[in-house]
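In what follows, a single structure is set out as structure tokens and then discussed.
Reminder, nothing fancy here: chain letters follow the sequence lines and each chain counts from 1. Since this is a predicted model, take the numbers as computed values, not measurements.
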Amino acid sequence: MRGPTEKELEGYTSPVYVYRAWCKGCGICVEFCPKNVLEIDDQNKCAVVRPQDCIKCKLCQLRCPDFAIIVDDGK
Amino acid sequence: MAFDRTAHKYLRKNFKMPTIWCSGCGIGIILGSIFKALEDLNMTGDNTVFVGGIGCSSRIPFYVDFDALHTTHGRPIAFATGVKFAKPDLNVVVVAGDGDTAAIGGNHFIHACRRNIDITLIVINNKIYGMTGGQYSPTTKSGEKTTTSPYGHIERSFDISKLAAAAGATYVARSSVYHVTHLDKIIKEAFAHKGMSVVEIMSPCWTTHGRRNRFKTPVEMYKWLKDNMIPLNAWEKLPEDKRAGKIPYGVFVNKKDIPEYCEAYYEHIIKPNLNKKRRDFSEDIEAMKIKLEIKAKEGWHV
């Protein structure tokens, strides 16, 4: 298993997780999010700014070319 | 929280991350779709081989934690044919770019389609030679600016899907990295299909192509795909004069009645000869051994 460890994900409450080490800040997730949950921050990386609006449609996870976004699938 | 981590499970353990592709490149999205198809069809490292040639797209086999073959430019289909022919039980997946498929490997491509050998070919079409600095490729549209056509490209472009269909591939489909759910479905169908399946995926290359053609950000290229790609059934209803510049996507060919090459080879060549009597060479070998012994006694170096 690559990416964030279980320890890093422990206690995380927002439905969208962005693994900042892999994010390249291309802005695809920000553009195609239907609820404007994500934004590009001052470090040119994706940040979750409005987690309460997320509807878990997974469009950001599907379109992230760097596998940096993971979305809660409710299981 | 239970996160969906299919992609993280299949990524190769000892290869560099983040991915080597530029920011905004669509190849990562295609890799994600491949991971989902592998998970859904229960394809494992024991029954799947990935083959890649040269180019940005051909880095995909490096990232899948399966056995992979890294081959010379334009020849991944030739190598894959060999793999499939030696071990017909394997699922062979070829990932190639438009340069690999339509330019230098054009002959391998059309003849693999003609033979209908059971290979899945994923063609990532970014309309340019991205890795070498942005030279025009056979799929560059006329009028587009590249490093080798700074005044606009004057040649006409190849349509890879039409070429594959005309050459006789039994599954031909086109999708894009914007239409991800459609892409997932198409890749899964292509993996499950028996016979030559060709999937052409439109993927933007902003670094060497978009920047020179008035796209300010990679996201604008994704919006272009959204606006200019239309489903096949809508495309068929469109009048001729409105088709210019639009690209249809969907499944173009899906035939199931044409025999697969490895099966036909077994049926017509191996099976009739299985119980055939072969010439017995054991006497000849004994005679040869005696001759060699005599020569050795005479002082010959044998």
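Using cut-offs of 30° and 60° on the angle between ring planes, the pair B:F3 and A:Y12 is tilted. B:H193 and B:Y171 have tilted rings, their planes meeting at an angle from 30° to 60° on a 0 to 90° scale. Taking the six-membered ring where the residue is Trp, A:Y17 and A:Y19 present parallel rings, their angle staying beneath 30° rather than reaching 60°.
Heavy atoms closer than 4.5 Å to chain B are found nowhere in A:A68, neither backbone nor side chain. At a 4.5 Å heavy-atom cutoff, the contact between B:T181 and chain A is made by side-chain atoms alone. For B:D184, the part lying under 4.5 angstrom from a heavy atom of chain A is the side chain only. Heavy-atom distances place no part of B:Y10 under 4.5 Å from chain A, backbone and side chain included. Only the side chain of A:Q61 comes within less than 4.5 Å of a heavy atom in chain B; its backbone stays farther off.
Using a 4.5 Å heavy-atom cutoff, the side chains of B:V64 and B:L38 are in contact.
For the pair B:K127 and B:W224, the cation-pi test (distance below 6.0 Å, angle within 45°) is passed.
Of the charged side-chain nitrogens involved, at least one lies within less than 4.0 Å of a carboxylate oxygen, so that A:R20 and A:D41 count as a salt-bridged pair.
The most heavy-atom pairs under 4.5 Å with chain A, out of B:K9, B:K13, B:M17, come from B:M17. Top candidate by heavy-atom pairs under 4.5 Å with chain B, chosen from A:L62, A:V30, A:L59, is A:L62.
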